[in-house]
J.: 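Sending over a structure as structure tokens; questions will come in a sec.
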Protein chains: 2
Amino acid sequence: MEPENPPEPSQDSVSLLKRLAGPSSTKAGLTHDQTAINRIIAEASKGSKFYENEKRKDKELSERIAKILKQRDEALQGVDIRPIERNTDHLLEELESQRDLSQIVVHVDMDAFYCSVELLDDPSLQGKPFAVGGGVLSTASYEARKFGARSGMATFVAKKLCPDLILLKSNFERYSEMSDKVMDIFERYDPTMLAAGCDEGYLNITKYCEEHMVDADTCVQEIRDTVFRETSLTVSAGIAPNKMLAKICSDKNKPNGQYHLPFDRASIKAFMHDLSIRKVPGVGRVNERLLEALGIKTCGDIFKHRATLQLMDKQFGLVFLLRTYLGIASNVVQPIQREEKKSIGAESNKTQILRKLEEVAGELEDDMVRGGWTGKTVTLKFKLDTFQVFTRAKSFDRWVSSKKEDLFAIGKELLLPELPLTLRLIGLRVTKLKDLHAPEPLGGIKRFFEPANSSPRKRPRLASNTEDCNDEEHDTGEDHESMPGFYEEEENAEGRGFDAPDNEEQIHISHDSNPPHHERRIRPPVSAPGPSRSRPSDSPFSATTSKPMSARQGDRVRHQDCPICGKLLETDNKGLNAHIDFCLSRNVIMEAQTDAQSTPKNPKKSKDLVLSWPSSVKGKRKQKG
Amino acid sequence: MEPENPPEPSQDSVSLLKRLAGPSSTKAGLTHDQTAINRIIAEASKGSKFYENEKRKDKELSERIAKILKQRDEALQGVDIRPIERNTDHLLEELESQRDLSQIVVHVDMDAFYCSVELLDDPSLQGKPFAVGGGVLSTASYEARKFGARSGMATFVAKKLCPDLILLKSNFERYSEMSDKVMDIFERYDPTMLAAGCDEGYLNITKYCEEHMVDADTCVQEIRDTVFRETSLTVSAGIAPNKMLAKICSDKNKPNGQYHLPFDRASIKAFMHDLSIRKVPGVGRVNERLLEALGIKTCGDIFKHRATLQLMDKQFGLVFLLRTYLGIASNVVQPIQREEKKSIGAESNKTQILRKLEEVAGELEDDMVRGGWTGKTVTLKFKLDTFQVFTRAKSFDRWVSSKKEDLFAIGKELLLPELPLTLRLIGLRVTKLKDLHAPEPLGGIKRFFEPANSSPRKRPRLASNTEDCNDEEHDTGEDHESMPGFYEEEENAEGRGFDAPDNEEQIHISHDSNPPHHERRIRPPVSAPGPSRSRPSDSPFSATTSKPMSARQGDRVRHQDCPICGKLLETDNKGLNAHIDFCLSRNVIMEAQTDAQSTPKNPKKSKDLVLSWPSSVKGKRKQKG
DNA sequence: TACCATAAA
DNA sequence: TACTTTTATGGTA
DNA sequence: GAGCAAAGC
DNA sequence: TACTGCTTTGCTC
Ligand SMILES: Nc1ncnc2c1ncn2[C@H]1C[C@H](O)[C@@H](COP(=O)(O)OP(=O)(O)OP(=O)(O)O)O1
Ligand SMILES: Nc1ncnc2c1ncn2[C@H]1C[C@H](O)[C@@H](COP(=O)(O)OP(=O)(O)OP(=O)(O)O)O1
Ligand SMILES: [Mg+2]
Ligand SMILES: [Mg+2]
Ligand SMILES: [Mg+2]
Ligand SMILES: [Mg+2]
């Protein structure tokens with residue numbers, strides 16, 4: 001802990017050291033001072049291809065930062081910052097005016113989930129440092145975390161940090177089973193809960209508390225007690241007025257604790273003031289570094305640099321950051337709206353390319369058939385021995401069949417022109433999905449034989465790091481009798497009954513060159529991203545495959561208020577973001593502010609008047625004529 | 001001419017006076033001092049609903065300007081303008097470096113076209129003030145223009161200005177005929193000419209001049225001589241290195257003259273310096289006023305206010321204006337790329353609503369059948385007695401039939417919920433067109449009986465202002481035997497042969513309220529906009545209908561260079577504009593400049609390397625590894 | 001649409 | 001010796 | 001996709 | 001007494 005290793009300071013830059021620590025270096029249960037651990041991690045990796053790749057990425061990021069700083073200096077050149085800050089302050093006022101403290105949102109998250117489940121099955125692990133995973137840890141017990149072991153860390157590195165670490169193989173069926181149990185309990189307290197991952201979810205307990213005459217703390221304690229009583233698993237929870245805060249709070253007293261953020265403006269601002277920006281969902285390690293370069297480490301720093309952020313809105317997403325500074329975010333808690341899974345895929349490492357490609361095609365077939373999915377585009381993903389990742393995709397105007405041979409053929413088509421390559425991973429993914437299990441629109445008479453598993457619940461998979469542990473239950477490929485290479489078209493069905501003769505594959509494969517960097521601006525994740533699960537229609541675990549879990553993101557709402565002008569937008573997030581740009585560019589802030597004075601709240605109206613009448617005509621005439 | 005009308009200055013603001021003068025107040029042949037004329041025009045209109053509407057629009061525009069000025073002042077508040085100007089200057093250098101003086105572009109435009117054709121048929125009109133039109137003038141002879149009469153002016157106003165004005169009804173067949181003749185002549189000098197309107201076009205005569213060993217002036221003189229010899233019509237021309245300049249120049253020596261702008265940077269800059277911004281194609285009366293409010297009246301003023309424009313890029317389209325300042329624009333001359341007409345419609349004034357709606361449905365049927373078009377969306381347009389214009393549209397997933405009854409029914413459906421209304425005009429338009437004459441993709445065996453007129457040439461219509469002159473040749477509606485309400489689907493044909501049962505019209509009619517103002521930024525018109533015609537596949541005149549002409553816009557190219565970073569973009573204008581925003585936002589200007597020093601020209605490359613190989617993989621590995 | 005980067009469990 | 005898997009989103013060409 | 005503003009002939 | 005008809009584009013929701 002003292003500065004006594006000056007001879008070999010291993011030359012690594014601070015940023016690289018941090019980068020090598022991995023993306024989950026902010027997990028609960030870790031030691032406060034990570035510098036010693038980080039040095040060991042770096043030492044262990046040094047010289048490997050992985051290390052070189054991280055170095056490259058670090059360099060690229062540093063260059064990107066340099067560019068941004070140059071741009072900032074350019075923009076600030078001789079500019080009087082005061083009026084800009086005043087402008088931002090107006091915007092802050094407007095945002096503040098939309099704070100909603102009326103809903104009690106809870107984020108619940110199981111403690112060291114996989115490990116805790118393993119502990120149930122082998123109580124002798126109690127108190128020992130252990131972890132679940134293969135070559136890489138899925139998660140680690142809190143004892144192991146004390147040594148620095150954590151999700152995503154290479155096992156051999158973890159062993160260096162913690163020589164006594166016990167490594168367990170994963171049992172996804174068990175995790176899935178327990179996940180279901182826990183989710184069912186959560187659901188009792190909020191039937192519209194949002195399952196945001198295999199081991200976590202958001203609950204709006206406002207109604208429950210009212211109806212049962214209990215306060216939030218009691219209610220949450222009861223939830224956690226119930227979970228423990230019925231499953232012997234511990235869960236932590238955060239209580240706050242919105243999802244972002246609740247999620248941050250659930251981490252605060254981990255493990256097996258809960259934290260209730262006071263529901264008033266002052267407490268929230270105080271809470272945010274010293275909170276690391278990295279804790280905010282949506283800010284990962286890249287954006288953490290970008291913001292740090294501007295001098296922003298805590299959420300409180302956002303305010304200090306608001307002028308810079310205003311000028312650099314394109315890069316940094318001003319509105320998101322200001323709302324974060326205020327501790328304002330979505331408090332909508334509802335299950336996934338659009339019943340659409342977006343993609344399904346399979347990957348495999350240690351590849352001998354074509355052999356492995358065929359394998360993943362097989363796995364993908366299993367998952368597609370089992371889940372009842374088909375899709376329109378197939379994406380090949382491959383990671384070079386240098387750890388660089390690439391994708392190659394092909395879209396069809398038909399639903400691709402889930403037959404292993406067809407998937408393999410498509411994959412090959414995508415892969416062959418790239419050869420020769422030395423790969424360390426290869427994967428296939430199908431997107432533009434269609435749910436074959438969904439109640440078909442009563443189209444043709446259609447298959448009486450469902451592909452398999454006619455359960456109405458879709459059962460996506462868990463993310464596994466089982467690295468070649470061939471425990472798939474020997475697919476005795478039998479019953480499914482799909483079409484040659486494609487399913488039949490079911491949408492836009494109309495017109496001729498025979499095959500159109502213009503079928504020469506108007507299909508395009510493109511080869512974009514790697515664009516430099518894209519300086520995305522930071523945007524709030526629609527909900528907590530990551531392998532999430534949605535309720536009640538879905539379970540995140542594959543029922544049969546020994547593979548980990550799939551993702552589903554929340555807040556897929558149809559309409560939301562613009563945080564700036566307050567207007568009710570009927571659009572998705574993309575549209576909302578475009579609209580926010582528009583508002584900002586028009587400086588609607590100013591107007592909104594004056595508006596806000598005359599009409600303190602609830603800027604929506606007129607919609608009723610608009611309904612069945614030429615709104616414009618009537619409105620204009622009445623107002624002006 | 002002296003200031004001697006102080007008693008009744010008619011209280012109109014200057015802007016309103018100018019607005020009442022109409023959009024074509026900058027035409028050639030008009031007196032220099034228009035103030036007296038403008039006063040008469042205003043006098044004549046005063047008190048009418050038209051006048052009130054113009055006043056309203058003027059007020060709205062004034063408010064919009066006030067807002068923008070406020071925004072400008074906000075943005076300039078205490079800002080040091082110098083670094084911004086330096087930045088803009090870099091951008092100007094980059095833009096300048098892309099100037100291309102190698103192509104000789106000519107814009108040819110018939111003089112007082114409709115009038116000149118009338119003159120052929122009635123030589124007694126020679127030297128007299130006359131015009132073509134109905135209640136509104138389509139165009140006026142140069143004699144009439146001396147009095148202030150011009151396109152778009154109400155006839156009764158023109159009569160006030162010029163009591164002896166002779167008014168002629170339009171003869172579109174004649175104009176069409178002469179248009180074809182003239183275009184054929186133009187085509188001899190550039191087979192890839194771009195017909196940009198019924199009486200004008202762009203020619204690239206570089207090749208012709210080389211091959212025939214003539215200079216541009218001689219060549220253009222020859223063109224004009226030929227036109228006059230073969231048609232007795234006079235044509236004016238502009239010779240310049242790009243389309244924008246050529247178009248401006250063709251107006252310079254109108255009528256019956258030509259102007260050759262010297263092909264060097266200095267001359268061009270001098271030419272631009274005092275040129276009214278209003279002469280620039282794409283800048284109409286609204287943007288003229290907006291720019292004027294910033295102090296920009298001439299193209300030279302753009303430079304003076306470049307810092308402001310940089311800050312207000314969103315409103316004003318910095319790049320377009322800077323290029324304009326430099327006199328740089330597209331020099332691509334080629335006929336329309338995508339063989340797609342975009343819409344077809346019919347309107348009629350003095351409406352008794354449903355009666356008239358039925359009439360326009362009939363006219364539309366004629367035009368659709370004659371032209372061989374069908375489409376997917378139908379738009380109803382109506383103008384209130386207050387001159388406010390509204391549209392109501394409905395889209396289908398099938399091709400709408402062109403039968404009068406069907407069009408009428410759709411129109412009624414759109415109109416009825418709006419009633420009661422007092423209208424002064426009603427119209428129907430079909431968009432998302434499909435060309436029934438085009439060689440069908442050999443789909444089903446399909447109709448042997450083409451709807452009518454199996455000519456391979458599409459013959460859209462001219463814009464008429466014939467206001468109820470019932471000279472339609474009594475539609476003896478006979479032969480076409482189309483489907484109930486729709487044509488059969490021909491695209492995406494696949495799947496079941498019987499009608500899908502889920503056919504409950506998933507069609508949406510929406511009622512947006514009138515959004516306030518949209519502050520579009522100024523952008524270059526892809527070519528000269530307006531009722532244009534494309535060659536060689538199309539004639540702009542309806543062969544049979546006594547109606548005026550249809551439009552087609554040019555420069556619909558597949559790929560173009562980004563004027564900032566120089567990259568070759570494979571995208572349409574929309575994409576290009578988005579990319580320009582991106583470039584600007586990233587301040588690529590700076591880099592581009594340094595780039596330009598190392599690679600003076602031709603920034604495109606690498607594309608060849610990218611082709612069949614994982615560009616990214618290879619490239620990165622070679623460069624970095 | 002294709003491809004990449006970022007984020008998350 | 002050795003550094004995951006799965007899903008989602010947003011931005012650009 | 002729907003609606004509107006702007007531009008041009 | 002009385003102020004066009006037609007087409008395209010770009011932008012927002
Ligand atoms: N990077 C990863 N790769 C694979 N699986 C992961 C990864 N991160 C998390 N998981 C799996 C294993 C975890 O037990 C489970 C839940 O994740 P998470 O809630 O973030 O951590 P945790 O539940 O293990 O510990 P904590 O107590 O911090 O919540 O998801
Ligand atoms: N506003 C309008 N409404 C209807 N038709 C128009 C309108 N403007 C122009 N036209 C028709 C009539 C014109 O003769 C023809 C060509 O337009 P244009 O070239 O702009 O003017 P022009 O040829 O009549 O005179 P000029 O000598 O100025 O070119 O298009
Ligand atoms: Mg957890
Ligand atoms: Mg979790
Ligand atoms: Mg003309
Ligand atoms: Mg013309």
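Chain identifiers are assigned alphabetically (A, B, ...) following the order of the sequence lines, protein sequences preceding nucleic acid strands; residue numbering begins at 1 within each chain.
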J.: Looking at A:R392, I'd like to know whether one of its side-chain N or O atoms comes within less than 4.0 Å of OP1 or OP2 on C:dT1.
T.: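 It does not, given that no N or O in the side chain of A:R392 lies less than 4.0 Å from OP1 or OP2 of C:dT1.
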J.: Among the candidates D:dT4, C:dA5, D:dT7, find the nucleotide nearest to the side-chain atoms of A:K383.
T.: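 The answer is D:dT4, which lies nearest to the side chain.
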J.: Could you check whether A:G152 gets within reach of a base, just the sugar-phosphate, or nothing at all, counting any heavy atom under 4.0 Å?
T.: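 A:G152: base contact, heavy atoms under 4.0 Å.
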J.: Tell me the interatomic distance from A:D572, atom CG, to F:dT12, atom C1', rounded to whole angstroms.
T.: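 Checked: the CG to C1' distance equals 14 Å.
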J.: Is A:V280 touching bases, backbone alone, or none of the nucleic acid, heavy atoms closer than 4.0 Å?
T.: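 Sugar-phosphate contact only - A:V280 comes under 4.0 Å of backbone atoms but never of a base.
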J.: State the NZ-CG distance between A:K394 and A:L380, to the nearest 0.5 angstrom.
T.: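 Reported value, rounded in 0.5 Å steps: 12.0 Å.
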J.: Taking 4.0 Å as the cut-off, does a side-chain nitrogen or oxygen of A:S343 come that near to OP1 or OP2 on D:dA8?
T.: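 The answer is yes; a side-chain N or O of A:S343 sits under 4.0 Å from OP1 or OP2.
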J.: Can you see which heavy atom on A:R278 is nearest to which on A:R285, and at what distance?
T.: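 The answer is NE-N, 3.6 Å.
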J.: With the side chain counted from C-beta on, respond yes when B:C565 and B:H579 share a heavy-atom pair under 4.5 Å apart, and no when they do not.
T.: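 Side chain of B:C565 against side chain of B:H579, heavy atoms only: contact under 4.5 Å found.
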J.: Where each residue is assigned the nucleotide of DNA chain F containing its nearest heavy atom, which of B:K574 and B:M153 is assigned the position nearer the 5′ end?
T.: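 The residue mapped nearer the 5' terminus is B:M153.
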J.: Base, sugar-phosphate or nothing for B:G22? Non-hydrogen atoms, less than 4.0 Å.
T.: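 Since no nucleic acid heavy atom lies under 4.0 Å of B:G22, the category is nothing.
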J.: Is the shortest side-chain N/O distance from B:R150 to OP1 or OP2 of F:dC3 below 4.0 Å?
T.: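 Indeed not, no polar side-chain atom of B:R150 lies that close.
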J.: Reckon A:K432 touches a base, only the sugar-phosphate, or nothing at all at heavy-atom distances under 4.0 Å?
T.: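 Touches sugar-phosphate only.
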J.: Send over the distance from A:Q388 CD to D:dC3 C1', rounded to a whole Å.
T.: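 Atom CD in A:Q388 sits about 16 Å away from atom C1' in D:dC3.
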J.: Which of these nucleotides, D:dC3, D:dT12, D:dT6, is closest to any side-chain atom of B:F582?
T.: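 The nucleotide sitting nearest to the side chain is D:dT12.
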J.: Find the partner of D:dT4: check Watson-Crick (N1-N3 plus N6-O4 or O6-N4) and G-U wobble (N1-O2, O6-N3) distances, both under 3.5 Å, and reply none if neither fits.
T.: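 Answer to the pairing question: none, since D:dT4 forms no Watson-Crick or G-U pair.
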J.: Where the side chain of B:V157 is defined as all heavy atoms beyond and including C-beta, which of F:dC3, D:dC3, E:dC9 is the nearest nucleotide?
T.: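 Nearest listed nucleotide: F:dC3.
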J.: It should be established whether B:S138 places a side-chain nitrogen or oxygen under 4.0 Å from OP1 or OP2 of nucleotide E:dC9.
T.: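 No, no such contact exists.
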J.: According to a strict under-4.0 Å criterion, is A:K247 in side-chain N/O contact with OP1 or OP2 of C:dA9?
T.: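 True: A:K247 side-chain N/O within range (under 4.0 Å) of C:dA9 OP1/OP2.
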J.: Without decimals, in angstroms, what is the distance between A:N577 CG and D:dT12 P?
T.: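 Going from A:N577 (CG) to D:dT12 (P), I get 12 Å.
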J.: Tell me: CD of B:E200 to P of E:dA7, nearest whole Å?
T.: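 Rounded to whole Å, this separation is 17 Å.
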J.: Would you indicate which nucleotide in C:dA2, C:dA8, C:dA9 comes nearest to any side-chain atom of A:T377?
T.: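 Nearest listed nucleotide: C:dA2.
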J.: 5'-most contact on DNA chain F: B:S45 or B:R429, nearest heavy atom basis?
T.: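 The residue whose closest nucleotide sits nearer the 5' end is B:S45.
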J.: Evaluate the ring planes of B:Y175 and B:Y114, with Trp represented by its six-membered ring, and classify them as parallel (under 30°), tilted (30 to 60°) or perpendicular (over 60°).
T.: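 Ring orientation, 0 to 90° scale: parallel.
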J.: Show your working on salt bridge (charged side-chain N to carboxylate O under 4.0 Å, His left out) between A:K376 and A:D397 and close with a plain yes or no.
T.: CA-CA 7 Å; A:K376 290 207 169 175; A:D397 51 5; over 6 Å; no
J.: Give the nucleotide from the list C:dC4, E:dC4, D:dA13 with an atom nearest to the side chain of B:H579.
T.: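 The answer is D:dA13.
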J.: Nearest to the side chain of B:F387, which nucleotide is it out of F:dT7, F:dT4, E:dA2?
T.: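 Nearest to the side-chain atoms of B:F387, counting from C-beta on, is F:dT4.
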J.: Think A:N573 has a side-chain N or O under 4.0 angstrom from the OP1 or OP2 of D:dT9?
T.: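 No.
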J.: Closest to the A:R278 side chain: C:dA8, D:dA8, C:dA2?
T.: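 So the side chain of A:R278 is nearest to C:dA8.
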J.: By nearest atom, which of the nucleotides E:dA2, F:dC6, F:dC13 is closest to the A:K567 side chain?
T.: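 The answer is F:dC13, which lies nearest to the side chain.
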J.: Expressed as a whole number of angstroms, how long is the span from A:N287:CG to C:dA7:P?
T.: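 In whole Å, C:dA7 P lies 5 Å from A:N287 CG.
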J.: Taking atom types as they are modelled, would you say the side chain of A:T571 forms a donor-acceptor pair with the base of F:dC13 within the 3.5 Å cutoff?
T.: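 No.
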J.: For A:K383, is there an ion pair with A:E347 - N to carboxylate O distance below 4.0 angstrom?
T.: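 Result for this pair is no, no salt bridge flagged.
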J.: Can you tell me the base-pairing partner of F:dT7? Count Watson-Crick or G-U wobble geometry only, both distances below 3.5 Å, and say none if there is no partner.
T.: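 For F:dT7, the partner nucleotide comes out as E:dA7, under the 3.5 Å rule.
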J.: Between B:R64 (CZ) and E:dA6 (C1'), how many Å, whole number?
T.: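 Computing the B:R64:CZ to E:dA6:C1' distance gives 9 Å.
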J.: Is any side-chain nitrogen or oxygen of A:S395 closer than 4.0 Å to OP1 or OP2 of C:dA2?
T.: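 Affirmative; the distance criterion is met.
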J.: Just how far, in rounded Å, is C1' of E:dA2 from CG of B:L428?
T.: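 In whole Å, E:dA2 C1' lies 16 Å from B:L428 CG.
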J.: What is the distance, to the nearest angstrom, from the CG atom on B:D367 to the P atom on F:dC6?
T.: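 Rounded to the whole Å, the gap is 8 Å.
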J.: Return the nearest nucleotide to the side chain of A:R424; candidates are F:dC6, D:dT4, E:dC4.
T.: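 Of F:dC6, D:dT4, E:dC4, D:dT4 is nearest to the side chain of A:R424.
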J.: Looking only at side-chain N and O atoms, does A:T379 offer a donor or acceptor that is under 3.5 Å from a partner on A:R429?
T.: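 The criterion, which ignores hydrogens and geometry beyond distance, is not satisfied for A:T379 and A:R429.
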J.: Quick one: does A:S138's side chain have a donor or acceptor within less than 3.5 Å of a partner on A:G133's backbone?
T.: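 Not confirmed, A:S138 side chain does not pair with A:G133 backbone.
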J.: Given F:dC13, C:dT6, F:dC3, which nucleotide is nearest the side-chain atoms of A:L569?
T.: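 The nucleotide sitting nearest to the side chain is F:dC13.
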